[in-house]
Amino acid sequence: LGTTEETSCWPLLAQLRRRSHRQIFPIVYSHTAAEDVRCRLRCFDAGAKMVTRSGGALRLALSKVAAALQAPGPYACPACGLAGLTEEALREHVPLYHGAEPNAQVPCPIC
């Protein structure tokens with residue numbers, strides 16, 4: 001989680017949240033945060049989409065994020081507006097990006 005302003009994740013998460021960068025996928029890669037429930041919840045409250053200590057989980061999440069943008073599609077996420085998603089990419093995107101958020105009452109663009 002860092003020990004100084006230059007190495008800490010908190011200023012970056014705050015900056016992303018202030019600027020409403022909901023289409024970015026912030027990941028906190030930290031053994032400390034992954035093992036401490038309160039710390040993990042603070043990370044999510046601060047805007048992290050994922051908290052992990054696993055390199056494998058990190059690679060999997062990043063590959064899903066990258067794959068969603070490989071083949072452009074006609075759909076946009078109704079929660080954050082990320083456009084150019086295929087049906088499969090939208091199905092992967094919503095729980096990955098918005099799983100730690102309160103359920104939003106938004107219409108499904110596929111239905």
Side-chain angles (χ1 to χ4, degrees):
L1 295 176
T3 55
T4 68
E5 189 74 16
E6 292 82 29
T7 63
S8 174
C9 70
W10 303 114
L12 178 58
L13 289 172
Q15 182 179 10
L16 292 173
R17 184 169 217 140
R18 270 194 311 275
R19 294 189 181 166
S20 297
H21 289 297
R22 297 192 66 213
Q23 298 171 350
I24 294 176
F25 192 76
I27 299 171
V28 174
Y29 184 58
S30 164
H31 178 79
T32 303
E35 294 300 313
D36 185 296
V37 174
R38 286 190 179 109
C39 187
R40 193 166 54 246
L41 291 174
R42 278 186 57 215
C43 290
F44 288 130
D45 286 344
K49 302 291 184 188
M50 178 178 178
V51 177
T52 187
R53 67 177 186 160
S54 165
L58 180 62
R59 281 188 297 280
L60 178 61
L62 291 175
S63 70
K64 286 183 178 188
V65 169
L69 303 174
Q70 292 301 315
Y75 300 108
C77 174
C80 69
L82 181 63
L85 300 172
T86 63
E87 184 175 336
E88 177 67 19
L90 180 60
R91 188 186 64 75
E92 291 276 338
H93 166 85
V94 171
L96 187 64
Y97 276 68
H98 306 294
E101 299 172 4
N103 289 336
Q105 298 298 323
V106 294
C108 173
I110 298 169
C111 301

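Here the structure is a predicted model, which means the values were calculated and not measured.
Distance check, rounded to the nearest 0.5 Å: NE2 of His31 to CG of Asp36 gives 10.5 Å.
Residues Tyr75 and Thr86 form no side-chain contact, since every pair of their non-hydrogen atoms from C-beta on lies 4.5 Å or further apart. Using a 4.5 Å heavy-atom threshold, the side chains of Pro26 and Leu12 count as separate. Using a 4.5 Å heavy-atom threshold, the side chains of Cys43 and Trp10 count as touching. Inter-residue side-chain proximity for Val28 and Phe44 is flagged as unmet; no heavy-atom pair is nearer than 4.5 Å.
Under the 4.5 Å side-chain heavy-atom criterion for Ile, Leu, Val, Met, Phe, Trp and Tyr, Tyr97 and Tyr29 are members of the same hydrophobic cluster. Hydrophobic clustering (ILVMFWY, side-chain heavy atoms < 4.5 Å, transitive): Val106 and Ile110 are in distinct clusters. A single hydrophobic cluster is seen to contain both Met50 and Leu62, as judged by linkage of ILVMFWY side chains at heavy-atom distances under 4.5 Å, directly or through other members. Cluster membership for Leu90 and Leu96, using ILVMFWY side-chain heavy atoms within less than 4.5 angstrom, is not shared.
For the residue pair Ala48 and Val51, the shortest heavy atom distance occurs at CB-CG2, 4.3 Å. Residues Gly47 and Leu13 share a closest heavy-atom pair of C-CD2, 4.1 Å. Of all non-hydrogen atoms in Leu85 and Leu82, the two that sit nearest each other are CD1-O, 3.6 Å. The two residues Pro109 and Ala76 have their closest heavy-atom pair at CG-O, 3.5 Å. Shortest non-hydrogen contact noted between Thr52 and Ala57 is OG1-CB, 3.7 Å.
Panel note: side chain Gln70, backbone Ala66; a donor-acceptor pair is recorded below 3.5 Å.
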Residues Glu87, Arg91; criterion side chain to side chain contact (heavy atoms under 4.5 Å, CB included); working and verdict: CA-CA 6 Å; Glu87 184 175 336; Arg91 188 186 64 75; 5.9 Å; no

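Ring planes of His98 and His93: perpendicular class, angle over 60° (limits at 30 and 60°).
Within a 6.0 Å radius of CD in Glu35, more than 12 heavy atoms belonging to other residues, nucleotides or ligands are found.
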